Amino acid sequence: EAGVTQFPSHSVIEKGQTVTLRCDPISGHDNLYWYRRVMGKEIKFLLHFVKESKQDESGMPNNRFLAERTGGTYSTLKVQPAELEDSGVYFCASSQDRWETQYFGPGTRLLVL
Amino acid sequence: AQTVTQSQPEMSVQEAETVTLSCTYDTSESDYYLFWYKQPPSRQMILVIRQEAYKQQNATENRFSVNFQKAAKSFSLKISDSQLGDAAMYFCAYRLNFGNEKLTFGTGTRLTIIP
């Protein structure tokens, strides 16, 4: 069974540009989470989807971040326009049920110059 | 708000020896889970072990075990017979068992294994 996959693995963009991160959860997992780790700090929750619906988006830093999960399968996280402080590693995780273990992807390392 | 603290940014251990990684947390809740996740270099984060707060018995998974002290809000991870493949970033995490299921993480401990 394939695990959670994320694309791209790395992205380097200039301030003001747009970047879209993609996450493919484990097949059959209704719950999808986005987290972010800024260099040297803790991993912080961004938002949670149940199928295609946003269950909790309390961790989204501002309206430059837009997450979607059309059709309840893969999810995208778009940052527009990117700022320097958006640099970090963006993790995606999925779980079958809400209280089950969350399985993480390898992360996307984003660097905004 | 719940917080998780890992006070050791880096640790190292000789291969085959035992190492303990520290984690403390702060919560006013009584029903929650605690986790240790491991992220090897350039690889994805995997769950090492988890502990349910209402269980007094410490969780173990092969060479990995925890020392869960609920009153002290402490959740340390012991790795016995350390192997080169244990080198990774280790994250301690907390999650409520009701309401909001988001994970709250510590800042991580980078573990180096010395051959």
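Proteins come first, then strands; the chains are lettered A, B, ... in the order of their sequence lines, and each starts at number 1. Only heavy atoms go into these numbers, but all of them, side chains included; no hydrogens, no water, no symmetry mates. Quick caveat, the model's predicted, so the values are computed rather than measured.
Under the 4.5 Å side-chain heavy-atom criterion for grouping Ile, Leu, Val, Met, Phe, Trp and Tyr, L21(B) is not connected to Y37(B) through any hydrophobic cluster. Neither M39(A) nor V112(A) shares a network with the other; the hydrophobic side chains, linked directly or stepwise wherever heavy atoms of I, L, V, M, F, W or Y lie under 4.5 Å apart, form separate groups for each. Hydrophobic cluster membership is shared by F75(B) and L77(B), with clusters built from Ile, Leu, Val, Met, Phe, Trp and Tyr side chains linked at under 4.5 angstrom. Hydrophobic clustering places F91(A) together with M89(B) (ILVMFWY residues linked when any side-chain heavy atoms are closer than 4.5 Å, directly or through intermediates). Following chains of ILVMFWY side-chain contacts shorter than 4.5 Å, one can reach I13(A) starting from L21(A), so the two form part of one hydrophobic cluster.
Only the side chain of Q39(B) comes within less than 4.5 Å of a heavy atom in chain A; its backbone stays farther off. Contacts between Y103(A) and chain B at a heavy-atom distance below 4.5 Å are absent for every atom of the residue. At a 4.5 Å heavy-atom cutoff, R109(A) makes no contact with chain B through either its backbone or its side chain. With a 4.5 Å cut-off on non-hydrogen atoms, S58(A) touches chain B through its side chain but not through its backbone. In this structure, the portion of L96(B) lying under 4.5 Å from any heavy atom of chain A is its backbone and not its side chain.
Here the shortest heavy-atom pairing between R95(B) and R98(A) reads NH1-O, 4.5 Å. Nearest heavy-atom pair, W99(A) versus N97(B), reported as atom, atom and distance to 0.1 Å: CZ3-C, 4.0 Å. Heavy atoms only, all atoms of each residue included: K41(A) and T107(B) are closest at C-CG2, 3.9 Å.
If you tally non-hydrogen atom pairs under 4.5 Å between each of E101(B), K102(B), Q44(B) and chain A, the highest count goes to E101(B).
Distance check: T101(A) OG1 to Y33(B) OH gives 8.5 Å after rounding to the nearest 0.5 Å. Separating the CZ atom in F35(B) from the CD atom in Q102(A) is a distance of 7.5 Å, to the nearest 0.5 Å. Atom CG in L103(B) sits 15.0 Å away from atom NZ in K44(A) (nearest 0.5 Å).
Within residues 47-70 of chain B, the residues having any heavy atom under 4.5 Å from a heavy atom of chain A are, by residue number, L47(B), R50(B).
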Go through the steps for M45(B) and Y35(A) under the test side-chain contact (heavy atoms from CB on, under 4.5 Å), then give the verdict.
CA-CA 12 Å; M45(B) 197 151 56; Y35(A) 293 86; over 6 Å; no
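When the shell of 6.0 Å around NZ of K54(A) is examined, it contains more than 12 heavy atoms from other residues, nucleotides or ligands.
Remark: aromatic rings of F45(A) and F105(B) are distant, center separation not under 6.0 Å.
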